[in-house]
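Bear in mind that the values here come from a model prediction, so they are computed numbers and not experimental data.
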There are 2 protein chains.
Amino acid sequence: MYSSELIKGTLKTILLKLLNEGNRMYGYEITQKVKELTNDKIQITEGALYPTLHALEADGLLETETEYIGKRVRKYYKLSTKGKVHSKEKVNEFADYMNTMKFLLGIETGTA
Amino acid sequence: MYSSELIKGTLKTILLKLLNEGNRMYGYEITQKVKELTNDKIQITEGALYPTLHALEADGLLETETEYIGKRVRKYYKLSTKGKVHSKEKVNEFADYMNTMKFLLGIETGTA
DNA sequence: TCTGAATGCATAAGTATACGATGTATTAGT
DNA sequence: ACTAATACATCGTATACTTATGCATTCAGA
C-alpha cells in the first residue's frame, strides 16, 4: 500500500483508463480489478469511488446502465464519446507527468 | 502545466529529493529550480511551498540556517539525518508507484 | 439455521493538501 | 519613479480522499 497522498489526483485517470479498455464495468468490479492488477498496492475505497463516478457522469464523461442480478442492483458505467476522448487525454497527461517526475527525481523505471 | 490534482501528494517528495542532492536550498531557489528542471511544467506556488517546508521542519526532517544577503533574509533548508533516510524512502516509494501506474495505465515511458 | 463475509449501492463528516490572494520588504533594472 | 524580481509568510477556499456509517442481498460455513 502506498501512502495515501500519492494516489490523490490519479483516481479519475484510473477509472477512465479501465473503462476505456474493458468496456462497461460496475463499481464493485472496478475496486476488485484495480486491487488485482496492482497486487493490492492500490485499493480504491468506496467512499472515494462512488462520488468520483457520479462526478464523471455529471460531467458527461460516463453513461450508466442499471441491471438487476436477482434482487441486487448493479450499475454499469461506460465511457461516452466525450469520455473516450477525455480518457486518452488524461492518460497522456499522466504519462507526460511521469516522465517529468522521473527526470526530476532521477528515477530509473523498470523496462517491463 | 499539469492539472493541479496530479501534483498533489508529490510536493514533499520533490522537496526531499532536491535537498538530498543539492545540499541546502532556500524557498525561492526551490521554486525556480523546479520550474527550470521541468520546463515550467511544474510550478510550486508559495502558498504550498512554505507551509510544507515548515511541516517538514516540524517533523524533524529539515534543519534551517538563516542568512542575510544585504538586508534581505534568506532561509536555507537542509536535510537532517532523519530527513536523508526519509528522502530515500519517499523517492523509492514514488518509483514503485510509477511502475504500478505504468502497468495499470499501459504506458510506455521514454527511455531517456 | 443462523451468522458472518462478500457483494453492491450510497452518503456524510473529517482531514489533508494545494491554490489563489494578499501582505511586507529589499533590490535591480528602465 | 516605477516595475519586476527576489524572498519571506499567512489566510481563506476548493478539492479530493479517508473513515465511518447505512441499507440490502447473497453465499458459505458452523
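B:L15 and B:V85 fall into different hydrophobic clusters, where Ile, Leu, Val, Met, Phe, Trp and Tyr side chains are chained together by heavy-atom contacts under 4.5 Å.
Considering only the side chain of A:L11, D:dC17 comes nearest among C:dT26, C:dT11, D:dC17. Side-chain proximity of B:K75 to the nucleotides D:dA16, D:dA9, C:dA10 is greatest for D:dA9. Here the nucleotide nearest the side chain of A:R72, chosen from C:dC9, D:dC8, C:dA6, is C:dA6. Nearest to the side chain of A:Y26, among C:dT26, C:dC9, D:dC17, sits C:dC9. Of the candidate nucleotides D:dC17, C:dG8, D:dT26, C:dG8 has the atom nearest to the side chain of A:E46.
Between B:H54 and D:dC8 there is no side-chain polar atom (N or O) within less than 4.0 angstrom of OP1 or OP2. Dashed line: the shortest gap from a side-chain N or O of A:R74 to OP1 or OP2 of C:dG8 is under 4.0 Å. In terms of phosphate contacts, A:Y50 brings no side-chain nitrogen or oxygen within less than 4.0 Å of OP1 or OP2 of C:dA10. For A:T45, a side-chain nitrogen or oxygen approaches OP1 or OP2 of D:dT18 to under 4.0 Å.
Between B:E67 atom CD and C:dT26 atom P there is a gap of 19 Å when expressed in whole angstrom units. Distance CD (A:Q32) to P (C:dG8): 9 Å, rounded to an integer number of Å. At whole-Å resolution of the value, CG in B:L6 and P in C:dC19 are 11 Å apart. Rounded to an integer number of Å, the gap from B:L53 CG to D:dT10 C1' is 14 Å. Nucleotide C:dG8 holds its C1' atom 15 Å from the CD1 atom of A:I44, rounded to whole Å. Between the OH atom of B:Y2 and the P atom of D:dT15 there is a distance of 22 Å, given to the nearest Å. Per the geometry, CG belonging to B:L56 stands 15 Å off P belonging to C:dA16, to the nearest Å. Remark: P of D:dA7 and CE of B:M25 are 12 Å apart, rounded to the nearest angstrom.
In terms of polar N and O atoms assigned as donor or acceptor, the side chain of A:K71 never comes within less than 3.5 Å of the base of D:dT26 in a complementary pairing.
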Verify side chain to side chain contact (heavy atoms under 4.5 Å, CB included) between B:K35 and B:T31, making sure each step is shown before the conclusion.
CA-CA 6 Å; B:K35 196 167 177 284; B:T31 65; over 6 Å; no

Please assess A:V73 against A:Y68 for the test side chain to side chain contact (heavy atoms under 4.5 Å, CB included), listing each intermediate value before the final yes or no.
CA-CA 5 Å; A:V73 177; A:Y68 280 85; 3.3 Å; yes

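For B:K78 (side chain) and B:E65 (main-chain N/O), no donor-acceptor pair under 3.5 Å exists by modelled atom type. The main-chain N or O of A:N20 is never found under 3.5 Å from a side-chain atom of A:K88 such that the two would form a donor-acceptor pair. Side chain of B:S80 to backbone of B:E63: no donor-acceptor contact under 3.5 angstrom is found.
Residue A:G27 is in sugar-phosphate contact alone, with no base atom involved, counting any heavy-atom pair closer than 4.0 Å across all strands shown.
Of the residues near DNA chain D, A:G70 and A:I7, the one whose nearest nucleotide (by heavy atom distance) lies more toward the 5' end is A:I7. Nearest-nucleotide mapping onto DNA chain D: of A:K8 and A:I69, the residue sitting toward the 5' end is A:K8.
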